Protein chains: 4
Amino acid sequence: MARTSSTPDPARRNERSRQAILTAAAELATELGYAKLTIEAIAARAGVGKQTIYRWWPSKGAVVFDAFLAANENEAGGLDLPDTGDLAADLRALLRPAAEQLADPAFERVGRAISAEIQLDPTLLREYRARLLGPLLEVTRDRLRSAQRAGQLAEDLDLDLAVDLVYGPLHYRWLLGTGPIDQAYADAMVEALLRALRP
Amino acid sequence: MARTSSTPDPARRNERSRQAILTAAAELATELGYAKLTIEAIAARAGVGKQTIYRWWPSKGAVVFDAFLAANENEAGGLDLPDTGDLAADLRALLRPAAEQLADPAFERVGRAISAEIQLDPTLLREYRARLLGPLLEVTRDRLRSAQRAGQLAEDLDLDLAVDLVYGPLHYRWLLGTGPIDQAYADAMVEALLRALRP
Amino acid sequence: MARTSSTPDPARRNERSRQAILTAAAELATELGYAKLTIEAIAARAGVGKQTIYRWWPSKGAVVFDAFLAANENEAGGLDLPDTGDLAADLRALLRPAAEQLADPAFERVGRAISAEIQLDPTLLREYRARLLGPLLEVTRDRLRSAQRAGQLAEDLDLDLAVDLVYGPLHYRWLLGTGPIDQAYADAMVEALLRALRP
Amino acid sequence: MARTSSTPDPARRNERSRQAILTAAAELATELGYAKLTIEAIAARAGVGKQTIYRWWPSKGAVVFDAFLAANENEAGGLDLPDTGDLAADLRALLRPAAEQLADPAFERVGRAISAEIQLDPTLLREYRARLLGPLLEVTRDRLRSAQRAGQLAEDLDLDLAVDLVYGPLHYRWLLGTGPIDQAYADAMVEALLRALRP
DNA sequence: TATTAATCGAGACGGTACGTCCGGTCTTAAA
DNA sequence: TTTAAGACCGGACGTACCGTCTCGATTAATA
């Protein structure tokens, strides 16, 4: 007797369809926004049966998120913070581009959609932490640890708290719109951070 | 001459229905969670026609959000930070309860839902800032300004940035789950903040 | 204690509104067809509150029907069949215009709508018989009775059955579209009728 | 290439659902009457999604009408008028049961509803003529033609007009209630018909 | 190389909720 | 008191998608 409705065999998966689905999802997400996006539309755009989507992804969020990851993982994969020895400069080199991206209106929609999705679905949050956020925080902690060893930071500094301090305020301002986000803000933030973290 | 299909007259609004809708929305939001909540269910629970909801609110998000505001505004209205002169103690008195609320699993579901709703709908964000966030930031800035005048903080401190520093890291950790949220974290954060903000 | 929701006092009725309602109903019936007609639309067009319609008419059908009657009663009131002594000629003078009206596409829509309404609502049927159909059948029977007295028709002829024979076939052909309706048909029908009714 | 939002494929139609819908429609039509019948109720009773009804029928009228046709087509399929050579007897055998059915209160409600629906919707009228009325008129004409050949009817008789004479008066009396419908009426009508149609 | 089993595109299906429309009732202010 | 205006509860409308379920028709691994 054949197994019914079991997990499918990844070996037989149609790579062509997988790509078409991710592409369609990405396109539609930017065109319509996440909320107005539907599985049916993705299937239609990708020229794919709905079942092919449901076979490989558990939810709309998972598809879109996968598309987002596929687009960002490459770039994120190669992320490495500079370590010039000048902590202030290095932090500026980190926060300035971050501020720039957050201030970009094109990033606005998809960024907020993904962010909302992540904070509502624990599964997606876990995956986001594993594949994107985690590595970023890792290298950030590494850089701070390096500064710590160099005596630029307090010896007993809690690096997890430090990382929250680095990214939290910027993230807060972006999500809640408490003020403008620009280079000056990034620079001022770096100064405040250094005061907070120094020995 | 009669206007056709125009905005309704608030003077003729049925207060009884308005209350019933907000109450039903609040109840259902906690029972089912925001995502599973439907306008139809709210209308049924409130003993109200669907049209009466659509007449006064543009979306499900707006209703739930209004219910949330109605529930929190009172308490928020009376918010005043202590000003004992001891800034460290006052900040702890601010951040400890905040951490406690964020760590409360009961707050988790509705909090994240509202947060996601806010960051996706600019209208709701604006209203949130006007009615809840704004006043909170205001009193926070006031307290910091008071400390500034007392010479406890840098004279040239940017209070908006300072506020981001106060609330941002905690918010970040809560949304992205980068670490545990407890009293120790709140206290450590206060110490770091004082270092960052001191003259 | 005042009587609540009792029958209204016709003496205080606003004639201006009554006219406006009937006119609006007639206009909208021809513009939209009976099925798409709504009480709300009539009230809006007439510049009248919905309640004013519900106060004086029990249903949409009643309003439209009343409008139809108001428009046709005058003309129907003055109906009198010719009695030239030549029964064949007089029947032709009766059926030819009838055929012409039924064949008129402009009459098609409203005619069928009224007809359908009548056959579905016993109340309307009763009123239709009382105010329009009754008088018509009456004068028809009168003319046949006159011919009967003149020896042109069978003495024992059942006049009610005779009237069915006069109007029934034409009506049948019109409603079910079993064939073309024109002057030739009317004339042929008259010939057949005479054979059927003669002594 | 896929056609978008086009007509569905009848080959994939679920016969089980089709039957359930027609049955539910027939039941509800007799229970509630046509006017109080809703698509939602049909779908619920049939255990079917609303969309499945809308996919295959354009309107409530079409469904009910289809149910009516499905119920009556069998019986109508086997209809054959007797041809005993005695035209009077054969016509009585035709009109007496017809009168009986029309006089049956149980037939009243659904009969009038279908009749009204037919006369308002040209599409339904066409289908009614094709599937029920047409065959009936056909066999009627055949019987009359047979009598014509036997010299019992006028040679130049217009059979279409003759058929209107046979069915029209009865139909007229039924729809407009111009008099009682019973066996005596049917018999008297047959006598009048024979006079009208004889050579 | 033929067989066989899974995936695929397609789309009908039972459902749920949507947002709109309108029925019929009730309330209010003006006439 | 009636009226115009229109908010109200209720409920059906017709639509959009959901996630499941057949259907052949590929298509890729096995025999």
Side-chain angles (χ1 to χ4, degrees), chain A residues 2-3 5-6 8-14 16-17 36-41 43-44 46-56 58-60, chain B residues 2-3 5-6 8-14 16-17 36-41 43-44 46-56 58-60, chain C residues 2 4-5 8-9 11-14 16-17 20 37-41 43-44 46-56 58-60, chain D residues 1-3 5-6 8-14 16-17 20 36-41 43-44 46-56 58-60:
Chain A
R3 286 180 308 154
S5 95
S6 181
D9 178 356
R12 314 199 61 163
R13 184 167 189 180
N14 186 333
R16 190 192 205 66
S17 296
K36 300 202 167 182
L37 187 59
T38 65
I39 294 271
E40 299 215 326
V48 141
K50 282 201 291 177
Q51 194 65 6
T52 302
I53 297 182
Y54 284 111
R55 191 162 15 242
W56 302 109
S59 69
K60 179 179 79 164
Chain B
R3 285 178 306 157
S5 97
S6 186
D9 178 357
R12 309 192 54 175
R13 183 166 191 178
N14 185 332
R16 190 189 202 68
S17 296
K36 302 203 167 181
L37 187 58
T38 66
I39 295 268
E40 298 212 325
V48 143
K50 280 201 289 177
Q51 199 61 48
T52 301
I53 297 182
Y54 285 111
R55 189 160 19 240
W56 302 108
S59 69
K60 179 179 81 167
Chain C
T4 52
S5 95
D9 178 357
R12 316 204 60 164
R13 182 168 189 178
N14 185 334
R16 190 192 206 63
S17 296
L37 187 59
T38 65
I39 294 270
E40 298 214 325
V48 141
K50 283 201 290 178
Q51 196 58 36
T52 304
I53 296 183
Y54 284 111
R55 191 161 17 241
W56 302 108
S59 69
K60 178 179 80 165
Chain D
M1 193 180 303
R3 287 178 305 157
S5 94
S6 184
D9 179 357
R12 311 192 51 176
R13 183 167 189 178
N14 185 333
R16 192 189 200 65
S17 297
K36 302 202 168 182
L37 187 58
T38 65
I39 295 266
E40 297 212 326
V48 142
K50 281 201 288 177
Q51 198 61 45
T52 301
I53 298 182
Y54 285 110
R55 189 160 21 238
W56 301 108
S59 68
K60 179 179 80 166

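First the proteins, then the strands, lettered A, B, ... as listed; each starts at 1. Quick caveat: nothing in here was measured; it's all calculated off a predicted structure. Quick note: numbers below take in every heavy atom, side chains included, and nothing from hydrogens, waters or symmetry partners.
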J.: Can you give me the N/O atom pairs linking the protein to nucleotides 23-31 of chain F at distances under 3.5 Å, or say none if there are none?
T.:
unit_1, atom_1, unit_2, atom_2, d
F:dA28, N3, A:R12, NH2, 3.4

J.: Could you give the CZ-to-P distance, from B:R16 to E:dT28, as a whole number of Å?
T.: 13 Å
J.: Can you name the residues that form a side chain to side chain contact (heavy atoms under 4.5 Å, CB included) with C:R16, not counting sequence neighbours?
T.: C:N14
J.: Does C:G49 or B:V48 map to a spot on DNA chain F nearer the 5' end, using the closest nucleotide for each?
T.: C:G49
J.: Let me know the distance between CD1 of B:I53 and C1' of F:dA7, rounded to the nearest Å.
T.: 14 Å
J.: Which residues satisfy the side chain to side chain contact (heavy atoms under 4.5 Å, CB included) test with D:A41, sequence neighbours excluded?
T.: D:L28, D:T38
J.: On DNA chain E, check which nucleotide each of D:W56 and A:S17 is closest to and give me the residue with the more 5' one.
T.: A:S17
J.: So which heavy atom on A:W56 is nearest to which on A:D9, and how close?
T.: CH2-O, 3.6 Å
J.: In whole angstrom, what separates B:D9's CG from E:dA29's P?
T.: 10 Å
J.: Just N and O in the side chain of D:T52: are any of them under 4.0 Å from OP1 or OP2 of E:dA12?
T.: no
J.: Measure CG/D:N14 against C1'/E:dG11 and give the value in whole Å, please.
T.: 13 Å
J.: Report each atom pair, protein N/O against N/O of nucleotides 11-17 of chain F, whose distance is under 3.5 angstrom.
T.:
unit_1, atom_1, unit_2, atom_2, d
F:dC13, OP1, D:I39, N, 3.0
F:dC13, OP2, D:I39, N, 3.3
F:dC13, OP2, D:E40, N, 3.1
F:dG14, OP2, D:Y54, OH, 2.5
F:dG14, O5', D:Y54, OH, 3.4
F:dG14, N7, D:K50, NZ, 2.8
F:dG14, O6, D:K50, NZ, 2.7

J.: Rounded to 10°, tell me the angle between the two end axes of the helix from E:dT1-F:dA31 to E:dA31-F:dT1, each built from five pairs.
T.: 10°
J.: What pairs with B:A43 under side chain to side chain contact (heavy atoms under 4.5 Å, CB included), at least two apart in sequence or on another chain?
T.: B:K50, B:I53
J.: Only counting residues at least two apart or in another chain, list the ones meeting side-chain hydrogen bond (donor to acceptor under 3.5 Å, both in side chains) with C:K60.
T.: none
J.: Which part of the nucleic acid, if any, lies within contact of B:R13, taking any heavy atom under 4.0 Å across all strands shown: a base, the sugar-phosphate backbone alone, or nothing?
T.: sugar-phosphate
J.: What pairs with D:A44 under side chain to side chain contact (heavy atoms under 4.5 Å, CB included), at least two apart in sequence or on another chain?
T.: none
